[in-house]
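To start, the structure under review is shown below, and the notes come after it.
Each chain gets a letter, A, B and so on, in the order the sequences are listed, and its residues count up from 1.
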There are 2 protein chains.
Amino acid sequence: MSCGQVYSPSYKLFKCPRCGGLLDVEISSKHWAPKGIGVWRYASMLPLKKGITLGEGATPLVKSNLAEGLYVKFEGANPTGSFKDRGMALGVTVAKESGANKILVASTGNTAASAAAYAARAGMRCYVVLPRGNVARGKLMQAALHGAEIVMINGLFDKALEYVVNYGTKYAYPLNSFNPWRLEGQKTVAFEIFEELGCPDYVVVPVGNAGNISAIWKGFKELAELGLCNKLPRMVGVQAEGAAPLAEAWERGLEEPLFVDEPRTVATAIKIGRPINWPKAVRAVKESGGFFIKVQDGEILKAQRELAQRDGIGAEPAGAASVAGFLKAKLRGVVVAVVTGHALKDPDAVEISAKEVRNADELMELLEK
Amino acid sequence: MSCGQVYSPSYKLFKCPRCGGLLDVEISSKHWAPKGIGVWRYASMLPLKKGITLGEGATPLVKSNLAEGLYVKFEGANPTGSFKDRGMALGVTVAKESGANKILVASTGNTAASAAAYAARAGMRCYVVLPRGNVARGKLMQAALHGAEIVMINGLFDKALEYVVNYGTKYAYPLNSFNPWRLEGQKTVAFEIFEELGCPDYVVVPVGNAGNISAIWKGFKELAELGLCNKLPRMVGVQAEGAAPLAEAWERGLEEPLFVDEPRTVATAIKIGRPINWPKAVRAVKESGGFFIKVQDGEILKAQRELAQRDGIGAEPAGAASVAGFLKAKLRGVVVAVVTGHALKDPDAVEISAKEVRNADELMELLEK
């Protein structure tokens, strides 16, 4: 996408051999023929016509009680509890087709959980490189349960990703979001929104490594190319204040992100200081007429609580960041907030208080109030 | 179902006013007209034509790699991560229609999480009565996140349920599985299996309080009544060895369960010694020509691991009990094992081991092996 060089498709191309930049996938034969359920329902729009599946996609689109016009796309209802499953269905299929037998990812946790599950399904080995102390408990458990080799580093996600990009691709198939094939799976969320709702006015997405917002935008653009919708949504990228390289730069009118060396936020899934897909995310936001916005941890946790207590939707903190961004930006019209991961991913992010009763009388007293 | 008395429908009838026994719901106007997606797709088969939803149902049916003919119905992909959501969509709708503003459940955790989420969605208050120290971490977090009032008792689930049944129904709407309206939602899993696969030879279900197996059987019977399938599946109920009142009685040829005062099992969701729906479960198993079987905790954890590492499906221990039962019984033919809850519900049930790397060289060394 930087130097303009075009290559014929290869599952082993992850970055441009000429300039080292990101690659875009262009599906020349695409046509709209949805059939079945989930990600593979949109095979006619994908680079592969079938592949590995755990029943990912077909997630709930819930009309929110929080604001008029707000809909929540709840990606926590995917098989491993996050939107990553859409990409991994494609990505692991591509990895297998490429002849690889090992998969490698750096991760804040959700990518690791998903890669581990889909690699297991495909009979492949999986290595996940994680930043020690910065992965929510549920995600770590998932990687272990699905039999991945867990590799811890001292350092944050950005360092783990550097290892994968610079050293790992020689030995294993990398499935971080710089892999353009994986993003093809993630674009299907746009197709599902389109089928249920048409094209909304805004789509709001939490931004960590910045792959998902560009994938979703690609999905909508492809619908427009095929003449299926004539008005595209504006893409809104939400970052946590302590990990906001794109939102900070946007506010100051800069062309390049303000990378953050020590990102801080309770939303571990978007605790990323140097998002590798930033050029794609900036393109998506600019082309669509959208914007980036940053929100405080307190706003994220408040959005998580509101979602849970008024809509009945359990989001992990990063997942609720989209709703926090929506509330802060006071958007009007038809808005879809993508809630990217399940509350169960991060059980330690919620305080628990309980009452104790010693007998039935005490219970009845409590209920009578 | 015990004394044969028939009542006209009331959402406030939970047990037979004459004999105190369980009630069956009979839908006289039912017809087969699936439309839409999820539980409400089957509105024409339900007592209500629409109601509260979080996008429950439409869960993945995954062809297993563990054995020829085995399919896994992964109920962990429901909005709160367990099959309970199907029932709560109906149950909370009914509660609201009845004019109640408080919902009450005893729970080993999944019912609490689901009731809390659906009550939040409906704008109702929710009280959950839990056995202290016997609820998996994820589930407790969910109840708290969704704003339920958490009430702890010293004692196990059976005592919590006794409180609800004997004292709670005066003050709040009870949504444990003795409430026959809730079970109407749970029967929809049969409809989904039928639409994807026809009628399998066996359906294998973990058995705790014994509502789900009877709900699923009711679903299949209704399909047969309408002439949609002419061969019904055999229902197999799986219990953990330390909490096996029905499986023990079945093995010994007894008519009544051998209640267990101190149930023990790693599978907390089925750690129930006095299943309230036992007459319905026994009826389902007998009518269908199925059986009960018990499995050891070690077999449950092994099934959990196999499911995760060969199929890519993350189940909580109780959820994997169905697969453990399938493996133990060596079933042949087309078999659907219902995996009732997500691995993320119980992050502490999995051991985590990790390697550490200090630099890129060490990572490459690891990957080269």
Nearest 0.5 Å, what's the CE-CG distance between A:M364 and B:N166? 9.5 Å
Heavy atoms from other residues, nucleotides or ligands near NZ of B:K102 exceed 12 (cutoff 6.0 Å): yes
Pick one of side chain, backbone, both or neither for A:V128, based on which atoms fall under 4.5 Å of a heavy atom in chain B. neither
Of the backbone (N, CA, C, O) and the side chain (C-beta and beyond), which part of B:K170 lies under 4.5 Å from a heavy atom of chain A, both, or neither? side chain
Which value, rounded to the nearest 0.5 Å, describes the distance between A:Q142 atom CD and B:I352 atom CD1? 10.5 Å
Heavy-atom distances under 4.5 Å only: say whether A:L363 touches chain B with side chain, backbone, both or neither. side chain
Please flag which part of A:I52 lies under 4.5 Å from any non-hydrogen atom of chain B: side chain, backbone, both or neither. neither
Give, as side chain, backbone, both or neither, the part of B:R132 having an atom under 4.5 angstrom from any heavy atom of chain A. side chain
Side chain / backbone / both / neither for A:Y118 at chain B, heavy atoms under 4.5 Å: neither
To the nearest 0.5 Å, what is the distance between CE on A:M141 and CG on B:D346? 7.5 Å
Heavy-atom nearest pair, B:T80 first then A:L344, reads O-CD1, 4.0 Å
Is it the backbone or the side chain of A:L104 that comes under 4.5 Å from a heavy atom of chain B, or both, or neither? side chain
Shortest non-hydrogen contact from A:V350 to B:A144? CG1-CB, 4.3 Å
Honestly, the part of A:R125 sitting under 4.5 Å from a heavy atom of chain B is side chain
Per-residue tally against chain B (heavy atom, under 4.5 Å) across A:K139, A:E362, A:E162, A:K369 peaks at A:K369
Interface moiety of A:E351 toward chain B, non-hydrogen atoms closer than 4.5 Å: backbone
Quick check for you: to the nearest 0.5 Å, what is the distance between A:E365 atom CD and B:Y171 atom OH? 10.0 Å
If you count heavy-atom pairs under 4.5 Å with chain B, which of A:I153, A:L54, A:V62 comes out on top? A:L54
How far apart are the C-alpha atoms of A:R121 and B:D311, what are their side-chain angles, what is the distance that settles it, and do they pass the side-chain contact (heavy atoms from CB on, under 4.5 Å) test? CA-CA 5 Å; A:R121 175 103 198 132; B:D311 278 342; 3.4 Å; yes
Between A:Q309 and B:H146, which heavy-atom pair has the shortest distance, and what is it? CG-C, 3.7 Å
I'd like to verify something: which residue of B:L145, B:V151, B:N154, B:I313 has the highest number of heavy-atom pairs under 4.5 Å with chain A? B:L145
Heavy-atom pairs under 4.5 Å with chain B: which of A:A148, A:G76, A:A77 has the most? A:A77
Looking at every heavy atom in both A:Y163 and B:V357, which two are closest together, and how far apart are they? CE2-CG2, 4.4 Å
Which one of B:G155, B:A120, B:G81, B:A119 has the most heavy-atom pairs closer than 4.5 Å to chain A? B:A120
For B:R137 and A:D348, the nearest pair of non-hydrogen atoms, with its separation, is NH1-OD1, 3.3 Å
If you draw a 6.0 Å radius around NZ in A:K63, do more than 12 non-hydrogen atoms from other residues or ligands fall strictly inside? yes
Side chain from CB out, backbone as N, CA, C, O: work out which of these in A:D361 comes under 4.5 Å of a heavy atom of chain B, or both, or neither. neither
Greatest number of heavy atom pairs closer than 4.5 Å to chain A - which of B:L61, B:I37, B:N359: B:N359
Check each atom of B:L130 against the heavy atoms of chain A and say whether the ones under 4.5 Å are side chain, backbone, both or neither. neither
Do you know which two heavy atoms are closest between A:A172 and B:L367, and how far apart they sit? CB-CD2, 4.5 Å
Pick from B:R358, B:K159, B:K345 with the largest number of heavy-atom pairs that fall under 4.5 Å of chain A: B:K345
Taking side chain as everything from C-beta outward and backbone as N, CA, C, O, which of these in B:T59 sits under 4.5 Å from a heavy atom of chain A? Side chain, backbone, both or neither. neither
